[in-house]
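Have a look at the structure below, then the notes.
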There are 2 protein chains.
Amino acid sequence: MNNPSQEAPDLVDFGPLAGTVSYGIKRAYLRVIRDLEGALAPSGFTPPLLAALAIVAANPGISPARLAAAMGHGRSRAAPLLDHLEGQGLLTRRAGPDRRSIRLHLTATGRAALRRLKSIVAEHEVRITAGLTTQEAGGLPDMLERVAEGKGAVTLR
Amino acid sequence: MNNPSQEAPDLVDFGPLAGTVSYGIKRAYLRVIRDLEGALAPSGFTPPLLAALAIVAANPGISPARLAAAMGHGRSRAAPLLDHLEGQGLLTRRAGPDRRSIRLHLTATGRAALRRLKSIVAEHEVRITAGLTTQEAGGLPDMLERVAEGKGAVTLR
DNA sequence: TATTGTTATACTCTATAACTATA
DNA sequence: TATAGTTATAGAGTATAACAATA
(Lines give C-alpha, C1' and ligand atoms only; values in the text may rest on other atoms or scores of the structure.)
Protein backbone atom coordinates (compact mmCIF):
# COMPACT_ATOMS: atom_id res chain seq x y z
CA MET A 1 0.00 0.00 0.00
CA ASN A 2 2.94 2.37 0.46
CA ASN A 3 5.45 4.04 -1.70
CA PRO A 4 8.75 2.47 -0.63
CA SER A 5 10.86 5.54 -1.45
CA GLN A 6 10.83 8.72 0.60
CA GLU A 7 10.38 10.76 -2.56
CA ALA A 8 7.16 12.48 -3.45
CA PRO A 9 5.58 10.11 -5.96
CA ASP A 10 4.36 11.03 -9.41
CA LEU A 11 1.25 8.96 -8.89
CA VAL A 12 -0.51 9.59 -5.64
CA ASP A 13 -1.44 6.53 -3.63
CA PHE A 14 -4.74 6.85 -1.80
CA GLY A 15 -3.66 4.28 0.75
CA PRO A 16 -6.50 2.76 2.78
CA LEU A 17 -8.96 4.95 0.83
CA ALA A 18 -7.96 3.43 -2.51
CA GLY A 19 -10.55 1.09 -3.91
CA THR A 20 -13.29 2.03 -1.46
CA VAL A 21 -16.79 2.82 -2.63
CA SER A 22 -16.86 5.69 -0.16
CA TYR A 23 -13.90 7.63 -1.55
CA GLY A 24 -14.79 6.68 -5.11
CA ILE A 25 -18.18 8.32 -4.72
CA LYS A 26 -16.60 11.42 -3.25
CA ARG A 27 -14.20 11.75 -6.17
CA ALA A 28 -16.87 11.05 -8.78
CA TYR A 29 -19.14 13.59 -7.10
CA LEU A 30 -16.48 16.30 -7.39
CA ARG A 31 -16.16 15.67 -11.11
CA VAL A 32 -19.92 15.56 -11.64
CA ILE A 33 -20.79 18.68 -9.68
CA ARG A 34 -18.05 20.75 -11.33
CA ASP A 35 -18.95 19.63 -14.83
CA LEU A 36 -22.63 20.35 -14.21
CA GLU A 37 -21.97 23.75 -12.62
CA GLY A 38 -19.87 24.73 -15.61
CA ALA A 39 -22.47 23.49 -18.06
CA LEU A 40 -25.32 25.32 -16.30
CA ALA A 41 -23.48 28.59 -15.61
CA PRO A 42 -24.33 30.30 -18.92
CA SER A 43 -28.03 29.74 -18.25
CA GLY A 44 -27.84 31.23 -14.78
CA PHE A 45 -28.89 27.97 -13.14
CA THR A 46 -27.14 25.98 -10.42
CA PRO A 47 -27.54 22.24 -9.79
CA PRO A 48 -29.93 22.76 -6.83
CA LEU A 49 -32.11 25.18 -8.84
CA LEU A 50 -32.28 22.68 -11.69
CA ALA A 51 -33.15 19.84 -9.31
CA ALA A 52 -35.94 21.86 -7.70
CA LEU A 53 -37.37 22.83 -11.09
CA ALA A 54 -37.25 19.25 -12.35
CA ILE A 55 -38.84 17.78 -9.23
CA VAL A 56 -41.69 20.31 -9.20
CA ALA A 57 -42.26 19.63 -12.91
CA ALA A 58 -42.59 15.91 -12.27
CA ASN A 59 -44.68 16.34 -9.11
CA PRO A 60 -47.17 19.16 -9.66
CA GLY A 61 -48.68 20.40 -6.41
CA ILE A 62 -45.78 19.17 -4.25
CA SER A 63 -45.18 21.11 -1.04
CA PRO A 64 -41.94 22.97 -0.21
CA ALA A 65 -41.26 20.58 2.67
CA ARG A 66 -41.59 17.50 0.46
CA LEU A 67 -39.48 19.09 -2.22
CA ALA A 68 -36.71 19.76 0.30
CA ALA A 69 -36.94 16.22 1.65
CA ALA A 70 -36.71 14.80 -1.87
CA MET A 71 -33.55 16.83 -2.38
CA GLY A 72 -32.16 15.48 0.87
CA HIS A 73 -32.38 18.43 3.23
CA GLY A 74 -34.61 20.13 5.77
CA ARG A 75 -37.60 22.37 5.10
CA SER A 76 -35.76 25.66 5.42
CA ARG A 77 -33.60 24.94 2.42
CA ALA A 78 -36.55 25.24 0.01
CA ALA A 79 -37.46 28.88 0.63
CA PRO A 80 -34.48 30.65 -1.02
CA LEU A 81 -34.59 28.24 -3.98
CA LEU A 82 -38.31 28.90 -4.47
CA ASP A 83 -37.87 32.66 -4.04
CA HIS A 84 -35.38 32.61 -6.88
CA LEU A 85 -37.45 30.40 -9.20
CA GLU A 86 -40.66 32.29 -8.47
CA GLY A 87 -38.88 35.62 -8.99
CA GLN A 88 -37.88 34.47 -12.46
CA GLY A 89 -41.46 33.51 -13.21
CA LEU A 90 -40.62 29.83 -13.50
CA LEU A 91 -43.02 28.53 -10.87
CA THR A 92 -45.90 29.64 -8.64
CA ARG A 93 -46.73 29.09 -5.00
CA ARG A 94 -50.45 28.46 -4.71
CA ALA A 95 -52.38 28.15 -1.48
CA GLY A 96 -53.47 24.61 -0.74
CA PRO A 97 -56.83 23.45 0.65
CA ASP A 98 -55.30 23.88 4.07
CA ARG A 99 -54.46 27.58 4.21
CA ARG A 100 -51.10 27.04 5.86
CA SER A 101 -49.84 24.68 3.15
CA ILE A 102 -48.53 25.60 -0.30
CA ARG A 103 -48.61 23.79 -3.60
CA LEU A 104 -45.97 24.32 -6.23
CA HIS A 105 -46.56 24.38 -9.98
CA LEU A 106 -44.38 25.30 -12.94
CA THR A 107 -45.45 28.13 -15.22
CA ALA A 108 -45.31 27.81 -19.00
CA THR A 109 -42.02 29.73 -18.81
CA GLY A 110 -40.74 27.22 -16.29
CA ARG A 111 -41.65 24.30 -18.51
CA ALA A 112 -39.92 25.92 -21.47
CA ALA A 113 -36.79 26.58 -19.37
CA LEU A 114 -36.75 22.99 -18.21
CA ARG A 115 -36.97 21.76 -21.81
CA ARG A 116 -33.85 23.75 -22.68
CA LEU A 117 -32.04 22.58 -19.54
CA LYS A 118 -32.74 18.95 -20.38
CA SER A 119 -30.41 19.02 -23.35
CA ILE A 120 -27.64 20.57 -21.23
CA VAL A 121 -28.12 17.79 -18.68
CA ALA A 122 -28.11 15.14 -21.41
CA GLU A 123 -24.78 16.41 -22.77
CA HIS A 124 -23.38 16.50 -19.24
CA GLU A 125 -24.50 12.91 -18.69
CA VAL A 126 -22.72 11.83 -21.88
CA ARG A 127 -19.49 13.49 -20.74
CA ILE A 128 -19.41 11.96 -17.27
CA THR A 129 -20.20 8.46 -18.55
CA ALA A 130 -17.67 8.62 -21.38
CA GLY A 131 -15.32 6.24 -19.55
CA LEU A 132 -18.02 3.60 -19.03
CA THR A 133 -19.41 0.93 -21.32
CA THR A 134 -23.07 1.18 -22.27
CA GLN A 135 -23.82 -1.73 -19.96
CA GLU A 136 -21.99 -0.14 -17.06
CA ALA A 137 -23.66 3.23 -17.54
CA GLY A 138 -27.01 1.47 -17.70
CA GLY A 139 -26.52 -0.39 -14.44
CA LEU A 140 -24.88 2.35 -12.41
CA PRO A 141 -27.93 4.47 -11.46
CA ASP A 142 -29.69 1.54 -9.81
CA MET A 143 -26.59 0.63 -7.82
CA LEU A 144 -26.13 4.26 -6.76
CA GLU A 145 -29.73 4.41 -5.66
CA ARG A 146 -29.18 1.39 -3.45
CA VAL A 147 -26.14 3.09 -1.92
CA ALA A 148 -28.16 6.27 -1.39
CA GLU A 149 -31.12 4.53 0.22
CA GLY A 150 -29.45 1.70 2.03
CA LYS A 151 -31.68 -0.39 -0.23
CA GLY A 152 -35.32 -0.50 -1.34
CA ALA A 153 -37.36 2.14 -3.18
CA VAL A 154 -37.36 5.91 -3.01
CA THR A 155 -39.86 6.49 -0.23
CA LEU A 156 -40.37 9.75 1.55
CA ARG A 157 -41.58 9.81 5.10
CA MET B 1 -42.49 10.80 -16.57
CA ASN B 2 -45.17 12.77 -14.73
CA ASN B 3 -47.66 12.17 -12.01
CA PRO B 4 -51.01 12.40 -13.81
CA SER B 5 -52.92 13.70 -10.77
CA GLN B 6 -52.50 17.18 -9.35
CA GLU B 7 -52.07 15.75 -5.88
CA ALA B 8 -48.77 15.72 -4.05
CA PRO B 9 -47.53 12.17 -4.56
CA ASP B 10 -46.42 9.80 -1.85
CA LEU B 11 -43.46 8.75 -3.97
CA VAL B 12 -41.51 11.63 -5.40
CA ASP B 13 -40.73 11.41 -9.10
CA PHE B 14 -37.34 12.80 -10.01
CA GLY B 15 -38.50 13.49 -13.55
CA PRO B 16 -35.68 14.03 -16.06
CA LEU B 17 -33.18 13.49 -13.24
CA ALA B 18 -34.42 9.98 -12.50
CA GLY B 19 -32.10 7.28 -13.69
CA THR B 20 -29.19 9.59 -14.46
CA VAL B 21 -25.68 8.79 -13.29
CA SER B 22 -25.28 12.46 -12.39
CA TYR B 23 -28.12 12.70 -9.90
CA GLY B 24 -27.47 9.17 -8.63
CA ILE B 25 -23.95 10.16 -7.66
CA LYS B 26 -25.19 13.27 -5.93
CA ARG B 27 -27.69 11.28 -3.86
CA ALA B 28 -25.21 8.54 -3.04
CA TYR B 29 -22.66 11.18 -2.04
CA LEU B 30 -25.07 12.72 0.44
CA ARG B 31 -25.61 9.36 2.11
CA VAL B 32 -21.90 8.54 2.17
CA ILE B 33 -20.68 11.87 3.53
CA ARG B 34 -23.31 11.94 6.26
CA ASP B 35 -22.65 8.38 7.36
CA LEU B 36 -18.90 8.99 7.43
CA GLU B 37 -19.20 12.30 9.29
CA GLY B 38 -21.32 10.60 11.92
CA ALA B 39 -18.94 7.67 12.22
CA LEU B 40 -15.88 9.93 12.56
CA ALA B 41 -17.39 12.52 14.88
CA PRO B 42 -16.54 10.75 18.17
CA SER B 43 -12.88 10.67 17.15
CA GLY B 44 -12.80 14.39 16.35
CA PHE B 45 -11.98 13.75 12.69
CA THR B 46 -13.77 14.95 9.59
CA PRO B 47 -13.67 13.27 6.18
CA PRO B 48 -11.12 15.78 4.77
CA LEU B 49 -8.83 15.38 7.80
CA LEU B 50 -8.98 11.61 7.42
CA ALA B 51 -8.28 11.84 3.69
CA ALA B 52 -5.26 14.09 4.26
CA LEU B 53 -3.87 11.79 6.95
CA ALA B 54 -4.34 8.69 4.78
CA ILE B 55 -2.77 10.26 1.70
CA VAL B 56 0.28 11.53 3.60
CA ALA B 57 0.65 8.07 5.18
CA ALA B 58 0.70 6.39 1.79
CA ASN B 59 2.93 9.05 0.19
CA PRO B 60 5.63 10.03 2.68
CA GLY B 61 7.34 13.27 1.73
CA ILE B 62 4.44 14.53 -0.39
CA SER B 63 4.12 18.34 -0.65
CA PRO B 64 1.09 20.34 0.51
CA ALA B 65 0.32 21.34 -3.07
CA ARG B 66 0.29 17.73 -4.30
CA LEU B 67 -1.78 16.65 -1.35
CA ALA B 68 -4.36 19.31 -2.13
CA ALA B 69 -4.38 18.34 -5.81
CA ALA B 70 -4.89 14.68 -4.89
CA MET B 71 -7.87 15.71 -2.81
CA GLY B 72 -9.27 17.67 -5.72
CA HIS B 73 -8.68 21.27 -4.69
CA GLY B 74 -6.22 24.14 -4.91
CA ARG B 75 -3.07 24.64 -2.85
CA SER B 76 -4.63 26.97 -0.31
CA ARG B 77 -6.96 24.28 0.97
CA ALA B 78 -4.08 22.26 2.47
CA ALA B 79 -2.83 24.80 5.03
CA PRO B 80 -5.71 24.72 7.56
CA LEU B 81 -5.92 20.93 7.32
CA LEU B 82 -2.18 20.60 7.97
CA ASP B 83 -2.29 23.15 10.79
CA HIS B 84 -4.88 21.00 12.51
CA LEU B 85 -3.09 17.69 11.99
CA GLU B 86 0.29 19.12 12.95
CA GLY B 87 -1.24 20.76 16.03
CA GLN B 88 -2.46 17.36 17.15
CA GLY B 89 0.98 15.91 16.65
CA LEU B 90 -0.16 13.60 13.87
CA LEU B 91 2.23 14.81 11.18
CA THR B 92 5.26 17.03 10.65
CA ARG B 93 6.20 19.61 8.06
CA ARG B 94 9.87 19.18 7.21
CA ALA B 95 11.86 21.48 4.99
CA GLY B 96 12.65 19.95 1.62
CA PRO B 97 15.94 20.11 -0.34
CA ASP B 98 14.54 23.22 -1.96
CA ARG B 99 14.10 25.61 0.96
CA ARG B 100 10.75 26.88 -0.22
CA SER B 101 9.18 23.40 -0.45
CA ILE B 102 7.86 21.27 2.39
CA ARG B 103 7.67 17.52 2.85
CA LEU B 104 4.98 15.90 4.92
CA HIS B 105 5.44 12.84 7.13
CA LEU B 106 3.24 11.13 9.71
CA THR B 107 4.44 10.85 13.28
CA ALA B 108 4.13 7.61 15.24
CA THR B 109 1.03 9.13 16.83
CA GLY B 110 -0.36 9.83 13.39
CA ARG B 111 0.24 6.26 12.27
CA ALA B 112 -1.48 4.92 15.38
CA ALA B 113 -4.47 7.25 14.85
CA LEU B 114 -4.77 6.12 11.24
CA ARG B 115 -4.77 2.48 12.34
CA ARG B 116 -7.74 3.16 14.60
CA LEU B 117 -9.53 5.18 11.92
CA LYS B 118 -9.18 2.35 9.42
CA SER B 119 -11.62 0.15 11.30
CA ILE B 120 -14.16 2.99 11.45
CA VAL B 121 -13.82 3.42 7.69
CA ALA B 122 -14.16 -0.32 7.13
CA GLU B 123 -17.42 -0.42 9.10
CA HIS B 124 -18.67 2.61 7.19
CA GLU B 125 -17.85 0.89 3.90
CA VAL B 126 -19.85 -2.17 4.95
CA ARG B 127 -22.87 0.00 5.79
CA ILE B 128 -22.95 1.93 2.53
CA THR B 129 -22.51 -1.18 0.39
CA ALA B 130 -25.14 -3.19 2.29
CA GLY B 131 -27.60 -2.86 -0.60
CA LEU B 132 -25.12 -4.20 -3.16
CA THR B 133 -24.07 -7.73 -4.06
CA THR B 134 -20.44 -8.65 -3.47
CA GLN B 135 -19.83 -8.54 -7.21
CA GLU B 136 -21.39 -5.09 -7.53
CA ALA B 137 -19.47 -3.67 -4.58
CA GLY B 138 -16.28 -5.11 -6.07
CA GLY B 139 -16.79 -3.49 -9.45
CA LEU B 140 -18.10 -0.12 -8.33
CA PRO B 141 -14.84 1.62 -7.29
CA ASP B 142 -13.28 1.14 -10.71
CA MET B 143 -16.36 2.49 -12.46
CA LEU B 144 -16.47 5.47 -10.12
CA GLU B 145 -12.81 6.15 -10.78
CA ARG B 146 -13.51 6.26 -14.51
CA VAL B 147 -16.33 8.73 -13.88
CA ALA B 148 -14.03 10.84 -11.68
CA GLU B 149 -11.17 10.89 -14.15
CA GLY B 150 -12.99 10.86 -17.43
CA LYS B 151 -11.03 7.64 -17.89
CA GLY B 152 -7.45 6.39 -17.48
CA ALA B 153 -5.30 6.27 -14.36
CA VAL B 154 -5.00 8.60 -11.39
CA THR B 155 -2.49 11.08 -12.72
CA LEU B 156 -1.75 14.46 -11.25
CA ARG B 157 -0.79 17.51 -13.27
C1' DT C 1 9.71 36.04 -13.65
C1' DA C 2 8.03 31.58 -11.77
C1' DT C 3 7.06 28.60 -7.91
C1' DT C 4 5.82 27.14 -2.99
C1' DG C 5 3.39 27.81 0.93
C1' DT C 6 0.41 30.74 3.32
C1' DT C 7 -3.07 34.26 4.40
C1' DA C 8 -7.20 37.01 3.53
C1' DT C 9 -11.50 37.38 1.72
C1' DA C 10 -15.84 36.40 0.12
C1' DC C 11 -19.27 33.29 -1.27
C1' DT C 12 -21.97 29.20 -1.05
C1' DC C 13 -24.02 25.40 1.28
C1' DT C 14 -26.07 23.53 5.13
C1' DA C 15 -28.08 22.82 9.81
C1' DT C 16 -30.42 24.63 13.79
C1' DA C 17 -33.49 27.07 15.96
C1' DA C 18 -36.83 30.70 16.30
C1' DC C 19 -40.85 33.00 14.49
C1' DT C 20 -45.77 33.36 12.12
C1' DA C 21 -49.93 31.58 10.89
C1' DT C 22 -52.80 28.25 10.80
C1' DA C 23 -54.99 23.93 12.59
C1' DT D 1 -50.06 21.50 21.11
C1' DA D 2 -48.74 20.39 16.41
C1' DT D 3 -47.82 21.56 11.69
C1' DA D 4 -46.24 24.37 7.34
C1' DG D 5 -43.63 27.85 5.73
C1' DT D 6 -40.30 31.20 6.46
C1' DT D 7 -36.51 33.81 8.51
C1' DA D 8 -32.17 34.42 11.05
C1' DT D 9 -27.98 32.83 12.40
C1' DA D 10 -23.84 30.62 12.48
C1' DG D 11 -20.67 27.25 10.88
C1' DA D 12 -18.18 24.61 7.45
C1' DG D 13 -16.33 24.14 2.76
C1' DT D 14 -14.54 26.19 -1.20
C1' DA D 15 -12.44 29.40 -4.66
C1' DT D 16 -9.90 33.53 -5.75
C1' DA D 17 -6.61 36.53 -5.25
C1' DA D 18 -2.82 38.56 -2.84
C1' DC D 19 1.40 38.01 -0.22
C1' DA D 20 6.25 36.54 1.35
C1' DA D 21 10.10 33.75 0.54
C1' DT D 22 12.87 31.35 -2.56
C1' DA D 23 14.47 29.95 -7.01
Side-chain angles (χ1 to χ4, degrees), chain A residues 7-8 26-27 29-38 40-41 44-52 56 61-87 91-105 156-157, chain B residues 7-8 26-27 29-38 40-41 44-52 56 61-87 91-105 156-157:
Chain A
E7 293 299 310
K26 151 97 191 204
R27 286 169 56 75
Y29 171 73
L30 242 58
R31 160 94 197 284
V32 165
I33 196 73
R34 284 171 182 169
D35 185 280
L36 186 57
E37 277 169 357
L40 289 175
F45 273 82
T46 62
L49 286 172
L50 162 66
V56 173
I62 193 174
S63 71
R66 289 182 62 80
L67 171 63
M71 293 177 67
H73 2 89
R75 278 172 297 168
S76 69
R77 193 76 178 71
L81 253 25
L82 295 174
D83 287 349
H84 184 101
L85 294 171
E86 191 178 33
L91 61 74
T92 56
R93 294 193 241 219
R94 299 186 198 156
D98 179 335
R99 271 175 50 203
R100 74 189 160 178
S101 71
I102 282 186
R103 290 166 172 264
L104 303 168
H105 294 271
L156 250 43
R157 181 130 326 251
Chain B
E7 293 299 308
K26 150 96 190 201
R27 286 169 57 75
Y29 171 73
L30 241 58
R31 161 93 197 283
V32 165
I33 196 72
R34 283 169 182 170
D35 185 279
L36 186 57
E37 278 170 355
L40 290 175
F45 274 81
T46 62
L49 286 172
L50 162 66
V56 173
I62 192 173
S63 71
R66 289 182 61 80
L67 170 63
M71 294 177 66
H73 0 88
R75 278 172 298 168
S76 69
R77 193 77 179 71
L81 254 22
L82 295 174
D83 287 348
H84 184 101
L85 294 171
E86 192 179 33
L91 60 75
T92 57
R93 294 193 243 219
R94 298 186 199 156
D98 179 335
R99 269 176 51 205
R100 75 189 158 177
S101 70
I102 281 186
R103 290 168 172 264
L104 303 168
H105 294 271
L156 249 44
R157 177 151 324 262

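Just so it is clear, the model here is predicted, and its values are computed rather than measured.
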Distance, rounded to the nearest Å, where B:E37 contributes CD and C:dC13 contributes C1': 12 Å
What does the list of N/O pairs under 3.5 Å between the protein and nucleotides 5-9 of chain D look like, with a distance for each?
residue: D:dG5; atom: OP1; partner: A:I102; partner atom: N; Å: 3.1
residue: D:dG5; atom: OP1; partner: A:I102; partner atom: O; Å: 3.3
residue: D:dG5; atom: OP2; partner: A:A65; partner atom: N; Å: 3.3
residue: D:dG5; atom: N7; partner: A:R75; partner atom: NH1; Å: 3.3
residue: D:dT6; atom: OP1; partner: A:R93; partner atom: NH1; Å: 2.5
residue: D:dT6; atom: OP2; partner: A:R93; partner atom: NH1; Å: 3.3

Phosphate-side-chain proximity, B:R99 and C:dG5, N/O vs OP1/OP2 below 4.0 Å: no
Nucleotide C:dC13, atom C1' - distance to CG of A:L36 in whole Å: 16 Å
Upstream residue (5' side of DNA chain D) when B:D98 and B:G72 are each assigned their closest nucleotide: B:G72
For atom CG of A:L49 and atom P of C:dT12, their distance in whole Å: 12 Å
Interatomic distance where CD1 belongs to B:I33 and P belongs to C:dC13 [whole Å]: 16 Å
Spacing between A:L30 atom CG and D:dT14 atom P, to the nearest angstrom: 7 Å
Contact check, side chains of A:R93 and A:E86, non-hydrogen atoms, under 4.5 Å: yes
Rounded distance in Å - CG (B:L81) to P (C:dG5): 15 Å
Set of residues satisfying side chain to side chain donor-acceptor pair (under 3.5 Å) with respect to B:E37, sequence neighbours excluded: none
B:H84 NE2 - D:dG13 P separation (whole Å): 11 Å
A:P64 to A:L104 - nearest heavy-atom pair and separation: N-CD1, 3.9 Å
Pair A:L30-B:Y29, side-chain contact (heavy atoms from CB on, under 4.5 Å): steps then yes or no: CA-CA 10 Å; A:L30 242 58; B:Y29 171 73; 5.7 Å; no
Closest-nucleotide 5' rank along DNA chain D - winner of B:P97 and B:H73: B:H73
Which atom of A:R103 lies closest to which atom of A:P97, heavy atoms considered: NE-CD, 3.4 Å
Contacts of type side chain to side chain donor-acceptor pair (under 3.5 Å), residue B:R75, not counting sequence neighbours: none
